[in-house]
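Structure record follows, encoded as C-alpha cells.
Nothing fancy with the numbering, it's 1 onward along the sequence.
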Amino acid sequence: MTITRPKKKSSVDDFIAAAPDAAAKADLPQPKYVRKGKKLQITLTITQPLLERVDELAAKLGQSRAAVINLAVYQSLENGLSIDGARSQ
C-alpha cells in the first residue's frame, strides 16, 4: 500500500467556479439593487442639507422619506427635468 497525500479541500467558491456554466454567469453584470417584494432597494448618496430638506418635506406632507423621493423621481420623469437651462423630456 502506498502512502498518498490527501487532496486539498477546495472552498465553496472554487467548487462553484469550476461549474460548466460558471464563466457565463461571471460575465453578466451584477444587479445594483436588492429585491424587496415587488420593489427594488437601491443605495442613494445624498448631502446632509438636501436630506434634511427631504425629511422636512416628508414630515410636512405626512409621508415617508422614501415616498417623497419616489414622488420626486416620478414627477421628474413625467414632466421633464431642467439642468443648467437644458430641459430633458
Once rounded to the nearest 0.5 Å, what's the spacing between atom OG of Ser64 and atom CG of Asn70?
8.0 Å
Hey, are the side chains of Leu71 and Gln75 touching, using non-hydrogen atoms and a 4.5 Å cut-off?
yes
Is Tyr74 reachable from Leu61 through a run of I, L, V, M, F, W or Y residues, each pair having side-chain heavy atoms under 4.5 Å apart?
no
Linked hydrophobic residues, Tyr33 as query - side chain contacts closer than 4.5 Å:
Leu40, Ile42
Return the CD to CD distance between Glu56 and Glu52, rounded to the nearest 0.5 Å.
7.0 Å
What's the spacing between Asp55 CG and Gln48 CD if we round to 0.5 Å?
10.0 Å
Calculate, to the nearest 0.5 Å, the distance between atoms CG and OG1 belonging to Leu50 and Thr45 respectively.
12.0 Å
Hey, which of Ile69, Ile46, Leu44 is the one that makes side chain to side chain contact (heavy atoms under 4.5 Å, CB included) with Leu51?
Ile46
